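Notes for the one structure printed next.
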Number of protein chains: 2
Amino acid sequence: MKEVSQTEFEVLDVLWQQYPASANDIIERLNQQKEWHEKTVKTLLNRLVKKHAISFEKQQRRYLYTPLIARDEYVESQSQSLVERLFKGKLSPLVAGFAKNKDLDKDDIAELKNIIASWEQENEAENKGN
Amino acid sequence: MKEVSQTEFEVLDVLWQQYPASANDIIERLNQQKEWHEKTVKTLLNRLVKKHAISFEKQQRRYLYTPLIARDEYVESQSQSLVERLFKGKLSPLVAGFAKNKDLDKDDIAELKNIIASWEQENEAENKGN
DNA sequence: CTTATTTGATTACAGGTGTAATCTTTAACT
DNA sequence: AGTTAAAGATTACACCTGTAATCAAATAAG
C-alpha cells in the first residue's frame with residue numbers, strides 16, 4: 001500500500017471512526033473540525049482508493065467506503081518508523097522527552113506503570129531461575 | 001522554519017553527528033549508508049539552507065554547514081506531533097503498542113522505570129499532603 | 001420523456017520532493 | 001596567464017500534494 005499523505009490520513013481517520021461510510025458521512029464528520037470543500041474530500045477519497053488504503057462498494061449511485069488497513073496497524077507502523085528514525089529504535093528516549101517537558105501527568109505515569117507491570121507479568125516466565 | 005522533508009532530514013541528521021561540516025564531509029558520512037549522488041546531497045543542503053534549517057559560513061570556496069535547529073528540539077516536536085495525531089496527545093497508548101508487539105526488552109523496561117522514578121522524584125513536592 | 005441534480009471521475013494547477021545534470025565562478029595547476 | 005578542476009547555484013523533470021473546478025453518468029423531479 002502506497003504511503004498515505006497528511007490530508008489523506010485525516011480523511012482515513014474519520015472513516016475509521018465508523019465504517020462503511022458514504023462520502024457525505026465523511027464530509028460531514030470532517031466539517032466538525034476542518035473547513036474542506038466537498039470536492040477536496042472526494043479527491044482525497046479517490047486517492048486513498050488508488051492507494052489501496054480504502055475500498056468501496058456501490059450502493060446505487062453512492063459509494064460506501066471501508067478502510068483496507070486497520071488503524072492499529074497503521075498507528076503501529078507509524079510509531080515504529082518514527083522511533084526508528086529519531087531514536088535508533090529505542091522507545092525510552094522518546095518517553096524521557098515527554099517526561100522532561102512536563103507533558104506527563106500523574107495519570108499518564110499510572111498508565112505507564114500498568115503497562116510495565118503487565119509486561120513483566122507476561123514475561124516473568126523467562127526470568128524464572130535468573 | 002519550513003518543514004524538513006524525509007531526505008532532507010537524513011542529511012540534517014548526519015550534520016548533527018558533527019558540525020560544522022563541509023559538503024564533502026556530509027557526503028562521505030551519508031555514503032556509509034545511502035547511495036546518493038553527490039549532486040543530490042548538494043541539492044538537499046541547498047534546500048535546507050533555503051528552509052533556514054541550516055546555515056553555512058564560507059571557508060575559501062568551500063562552505064561549512066551548521067544546523068540552525070537542535071536535534072533535541074526537532075525530535076521533540078516530531079514526537080509530540082505524532083502522539084497528537086495518532087493518540088490524541090496521550091503517550092501511554094504508544095508505549096502500550098510497543099509492549100504488546102514485543103518491541104521491548106528487559107533493558108527497555110528498566111529504563112522506563114528509571115524515567116518514571118525520576119519523574120516521581122521531581123514531582124513529589126506536589127503530592128506532599130495528598 | 002426531458003431536465004435538473006447528485007455523485008463519482010477526470011482535469012487543473014501551483015508548490016514540494018527525489019534525484020540529478022548543467023552552468024558559473026573561483027581556485028589550482030601548468 | 002591560460003586551462004582545468006572543484007564547489008556551489010541554477011535548472012530539469014517526473015511524481016506527489018493540497019485544493020478545487022469541470023465533466024460525465026445516473027437518478028430524481030416535473
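Keep in mind that this is a model prediction, so the values were computed, not measured. Order of the sequence lines sets the chain letters (A, B, ...), proteins ahead of strands, with each chain counted from 1.
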Discussion item. Once you measure the plane-to-plane angle for Tyr74(A) and Trp16(A), does it fall in the parallel (<30°), tilted (30-60°) or perpendicular (>60°) bin?
Written reply: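 Ring orientation of Tyr74(A) relative to Trp16(A): tilted.
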Worksheet item: Looking at Arg71(B) and Asp13(B), does any basic side-chain N land under 4.0 Å from a carboxylate oxygen?
Response: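 Salt bridge: yes.
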Would you please name every residue forming a side-chain contact (heavy atoms from CB on, under 4.5 Å) with [X], sequence neighbours left out?
{"X": "Arg62(B)", "result": "none"}
{"X": "Lys51(B)", "result": "Lys2(B), Glu8(B)"}
{"X": "Glu38(B)", "result": "Ile27(B), Lys42(B)"}
{"X": "Glu84(A)", "result": "none"}

Worksheet item: Hey, is the side chain of Lys42(A) pairing donor to acceptor with the base of dT7(C) inside 3.5 Å?
Response: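 Answer is no: no donor-acceptor pair is held.
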Discussion item. If you take any heavy atom closer than 4.0 Å to DNA chain C, which residues from residues 20-38 of chain A end up in contact?
Written reply: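 Residues of residues 20-38 of chain A under 4.0 Å from DNA chain C: Ala23(A), Asn24(A).
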Worksheet item: Is any side-chain N or O of Arg61(B) closer than 4.0 Å to OP1 or OP2 of dA27(C)?
Response: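 Result: no.
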Item to complete: Under the ring-ring contact (aromatic ring centres under 6.0 Å, His included) rule, collect the residues that match up with Trp36(B), sequence neighbours excluded.
Response: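 By the ring-ring contact (aromatic ring centres under 6.0 Å, His included) rule, Trp36(B) matches no residue at all.
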What's touching nucleotides 12-16 of chain C from the protein side, N or O pairs under 3.5 Å?
residue, atom, partner, partner atom, Å
dG16(C), OP1, Lys2(B), NZ, 3.0

Discussion item. Listing request: all salt bridge (Lys or Arg N to Asp or Glu O under 4.0 Å) pairs with a residue in residues 19-30 of chain B, at least two apart in sequence or in separate chains.
Written reply: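 Matches after skipping sequence neighbours: none remain.
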Practice prompt. Show your working on side-chain contact (heavy atoms from CB on, under 4.5 Å) between Lys58(A) and Leu64(A) and close with a plain yes or no.
Written response: CA-CA 6 Å; Lys58(A) 282 193 175 111; Leu64(A) 290 187; over 6 Å; no
Worksheet item: So how far off straight is the helix from dC1(C)-dG30(D) to dT30(C)-dA1(D), going by the axes through five pairs at either end, to 10°?
Response: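 Comparing the axis at each end, I get an angle of 20°.
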Item to complete: Using the heavy-atom set of chain A and a strict 4.0 Å cut-off, write down the first and last nucleotide of DNA chain D that makes it in, 5' to 3'.
Response: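 With heavy atoms of chain A under 4.0 Å away, the range is dC16(D) to dA28(D).
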Discussion item. When you compare the side chain of Val41(B) with that of Leu30(B), does any pair of heavy atoms fall below 4.5 Å?
Written reply: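 When only atoms from C-beta onward are counted, Val41(B) and Leu30(B) do touch, with a gap below 4.5 Å.
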Practice prompt. Give, ordered by number, those residues of residues 75-82 of chain B having at least one heavy-atom distance below 4.0 Å to an atom of DNA chain D; if nothing qualifies, reply none.
Written response: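 Residues of residues 75-82 of chain B that come under 4.0 Å of DNA chain D do not exist, since none gets that close.
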Discussion item. Tell me every residue that passes salt bridge (charged side-chain N to carboxylate O under 4.0 Å, His left out) with Lys100(B), counting only those two or more places apart in sequence or in another chain.
Written reply: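 Expected list: none.
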